[in-house]
Structure formats: C-alpha cells, structure tokens
A.B. asks: 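Got a structure here, written out as structure tokens. Questions coming.
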Amino acid sequence: MYRCNEIVILNRRVAIAVYRTKEGINVLIEGGDKGHIGAVAVARGGEIVESVCFPGHREDIVCESWAKEISGLVPGPAVVEAGIHYDGITKEQIEEVMEVLTAQRKVLMEELRRNQEQGLK
C-alpha cells in the first residue's frame with residue numbers, strides 16, 4: 001500500500017505519505033512554509049524504540065504519537081518522519097496544526113484497520 005494525501009493546514013500544503021511493506025510501515029509528514037525532516041521515531045508493538053529530534057525542532061511529538069499508535073496495529077516497525085515549518089506560527093496555530101494532524105492520524109488508523117479486516121497489506 002502506498003498513498004500520499006495532500007491537505008491544507010493554515011493555508012499551506014502538508015503531505016502525508018504512507019508506504020506499507022509486508023512487515024512494517026513508513027510515514028512521512030512534511031510541509032507548511034518549508035517541508036523538511038525535523039524528527040524521526042521508530043516504534044514496534046505500540047512502544048517507542050528510538051526517537052531522534054534534530055536541534056531546533058519539535059516534530060518528535062508528532063512522530064512519536066503516530067509511530068506508537070500505528071505500530072500497535074501493524075506487524076513490524078512503524079517509522080515516522082516529520083517536518084512541518086510555518087514562519088511566525090503562534091501557539092494557537094500550533095494547536096490547530098496538531099488537531100488536524102490528530103484527525104489525519106485517526107483517518108489513517110481506520111484505513112489500516114479496514115485493510116487488515118479485508119486481509120489487505
């Protein structure tokens with residue numbers, strides 16, 4: 001399974017790319033004013049195995065929550081990379097970004113559950 005959804009958060013594009021292998025999944029979340037990789041988290045069986053947050057970044061919160069939840073559902077490791085940057089973002093706008101990303105994580109989880117129930121990988 002491969003899919004890349006582009007959504008708009010705070011009037012900027014954010015891409016969520018998902019690549020599923022037979023035993024593992026990789027998710028990249030990037031966008032805003034400057035997409036990049038600010039953090040990476042690896043989880044297995046619902047537990048974080050490794051998390052790296054590059055200096056000056058805070059995407060580890062997103063990576064860890066996504067990896068932990070996804071890895072509780074799929075066999076093998078879940079690797080999540082994220083890098084979302086908005087120039088001059090406020091605390092309220094950060095909360096809005098987090099709300100939208102939480103909703104998108106729930107959408108992905110439902111898709112993974114449906115695929116699992118249908119025997120799809």
Side-chain angles (χ1 to χ4, degrees):
M1 171 183 109
Y2 173 80
R3 75 157 167 82
C4 183
N5 288 349
E6 289 194 358
I7 59 173
V8 175
I9 308 175
L10 302 179
N11 298 314
R12 301 287 187 276
R13 177 198 69 84
V14 173
I16 302 172
V18 178
Y19 186 81
R20 175 94 185 258
T21 67
K22 287 188 179 194
E23 292 194 15
I25 190 167
N26 188 315
V27 179
L28 171 64
I29 307 162
E30 63 85 18
D33 288 319
K34 182 173 61 174
H36 60 285
I37 297 177
V40 178
V42 180
R44 188 175 197 129
E47 298 297 325
I48 297 297
V49 174
E50 185 76 35
S51 181
V52 176
C53 188
F54 297 103
H57 295 272
R58 293 177 279 175
E59 290 91 352
D60 56 318
I61 297 166
V62 172
C63 292
E64 289 176 9
S65 64
W66 281 61
K68 191 173 181 179
E69 187 168 352
I70 292 168
S71 75
L73 183 63
V74 301
V79 179
V80 180
E81 306 98 4
I84 302 171
H85 175 83
Y86 289 93
D87 295 329
I89 194 167
T90 66
K91 183 179 178 181
E92 292 78 20
Q93 289 172 319
I94 292 171
E95 290 172 3
E96 182 178 341
V97 170
M98 294 302 289
E99 287 174 15
V100 173
L101 290 178
T102 297
Q104 289 297 309
R105 185 180 72 225
K106 290 177 182 176
V107 168
L108 175 59
M109 292 300 294
E110 276 305 309
E111 182 180 345
L112 293 172
R113 281 187 191 97
R114 277 194 312 274
N115 288 349
Q116 196 172 44
E117 290 169 0
Q118 296 170 359
L120 302 174
K121 300 292 180 201

A.B. asks: Taking the inter-plane angle between the rings of His36 and His57 on a 0 to 90° scale, is it parallel (under 30°), tilted (30 to 60°) or perpendicular (over 60°)?
C.D. replies: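 The rings of His36 and His57 sit tilted, inter-plane angle from 30° to 60°.
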A.B. asks: Is there a path of hydrophobic side-chain contacts, each under 4.5 Å between heavy atoms, that joins Leu28 and Val74?
C.D. replies: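 No, separate clusters.
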A.B. asks: Is the count of non-hydrogen atoms from other residues, nucleotides or ligands lying under 6.0 Å from Tyr19 atom OH greater than 12?
C.D. replies: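 Counting neighbours around OH of Tyr19, 12 or fewer heavy atoms of other residues, nucleotides or ligands fall under 6.0 Å, so no.
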A.B. asks: For the residue pair Lys68 and Gly46, what are the closest heavy atoms and their distance?
C.D. replies: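 Nearest pair, atom of Lys68 first, then Gly46: CG-O, 3.0 Å.
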A.B. asks: So do Asn5 and Val107 actually touch side chain to side chain, heavy atoms under 4.5 Å?
C.D. replies: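 No. Closest side-chain heavy atoms not under 4.5 Å.
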A.B. asks: So which heavy atom on Asp87 is nearest to which on Asp33, and how close?
C.D. replies: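 What the structure gives for the nearest pair is N-OD2, 2.7 Å.
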A.B. asks: Kindly work out whether a path of hydrophobic side-chain contacts (I/L/V/M/F/W/Y, heavy atoms less than 4.5 Å apart) joins Ile48 to Met109.
C.D. replies: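 No, Ile48 does not connect to Met109 through the hydrophobic network.
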A.B. asks: Can you get from Val97 to Val27 by hopping between Ile, Leu, Val, Met, Phe, Trp and Tyr side chains that sit under 4.5 Å apart?
C.D. replies: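 Yes; Val27 is reachable from Val97 via cluster members.
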A.B. asks: How far apart are the closest heavy atoms of Gly83 and Glu59, and which atoms are they?
C.D. replies: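 For Gly83 versus Glu59, the nearest heavy atoms are CA-OE2, 3.7 Å.
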A.B. asks: Out of curiosity, Glu81 CD to Asn26 CG, how far, rounded to the nearest 0.5 Å?
C.D. replies: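 Rounded to the nearest 0.5 Å, the CD-CG separation comes to 4.0 Å.
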A.B. asks: Check the pair Met1, Leu112 against side-chain contact (heavy atoms from CB on, under 4.5 Å), reporting the backbone distance first and the verdict last.
C.D. replies: CA-CA 10 Å; Met1 171 183 109; Leu112 293 172; 3.9 Å; yes
A.B. asks: How long is the gap from SG on Cys53 to CD1 on Ile61, to the nearest 0.5 Å?
C.D. replies: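 Atom-to-atom, Cys53:SG and Ile61:CD1 are 8.0 Å apart.
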A.B. asks: Take Tyr86 and Val14 through the test side-chain contact (heavy atoms from CB on, under 4.5 Å) and record every step on the way to the result.
C.D. replies: CA-CA 11 Å; Tyr86 289 93; Val14 173; 3.6 Å; yes
A.B. asks: Test salt bridge (Lys or Arg N to Asp or Glu O under 4.0 Å) on Arg13 and Glu30; report intermediate values, then the result.
C.D. replies: CA-CA 9 Å; Arg13 177 198 69 84; Glu30 63 85 18; 3.0 Å; yes
A.B. asks: Working to the nearest 0.5 Å, report the span between CD of Glu92 and CG of Leu10.
C.D. replies: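 The CD atom of Glu92 sits 11.5 Å away from the CG atom of Leu10.
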A.B. asks: Which heavy atom in Ala67 sits nearest to a heavy atom in Ala41, and how many Å separate them?
C.D. replies: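 Result for this residue pair: CB-O, 4.0 Å.
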A.B. asks: With heavy-atom distances below 4.5 Å as the criterion, would you say the side chains of Val80 and Glu64 are in contact?
C.D. replies: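 Contact flag for Val80/Glu64 side chains = no.
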A.B. asks: To the closest 0.5 Å, what do you measure between CD1 (Ile89) and CD1 (Ile94)?
C.D. replies: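 The distance works out to 5.0 Å.
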A.B. asks: Measure the CD1-CD distance between Ile9 and Gln93 for me, rounded to the nearest 0.5 Å.
C.D. replies: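 Reported to 0.5 Å precision, the distance equals 12.0 Å.
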A.B. asks: Might you confirm whether atom CD of Glu50 has over 12 heavy atoms from other residues, nucleotides or ligands at distances under 6.0 Å?
C.D. replies: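 No, not enclosed.
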A.B. asks: At their closest point, which heavy atom of Arg44 faces which heavy atom of Pro77, and how far apart are they?
C.D. replies: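 For Arg44 versus Pro77, the nearest heavy atoms are NH1-CD, 3.7 Å.
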A.B. asks: Do Val79 and Ile37 sit in one hydrophobic cluster, given that two such residues count as connected whenever their side-chain heavy atoms are within less than 4.5 Å of each other, even indirectly?
C.D. replies: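 Yes; Ile37 is reachable from Val79 via cluster members.
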A.B. asks: Measure the CG-CZ distance between Leu108 and Arg113 for me, rounded to the nearest 0.5 Å.
C.D. replies: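 One finds 9.5 Å between CG of Leu108 and CZ of Arg113.
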A.B. asks: Taking all atoms of both residues into account, what is the closest heavy-atom pair of Ala17 and Tyr2, and its distance?
C.D. replies: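 Answer, listing the atom of Ala17 first, then Tyr2: CB-OH, 4.2 Å.
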A.B. asks: Does the side chain of Leu101 come within less than 4.5 Å of Ile84's, by heavy atoms?
C.D. replies: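 A side-chain contact under 4.5 Å exists here.
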A.B. asks: Going through the checks in order, is the side-chain contact (heavy atoms from CB on, under 4.5 Å) test met by Val52 and Val42?
C.D. replies: CA-CA 9 Å; Val52 176; Val42 180; over 6 Å; no
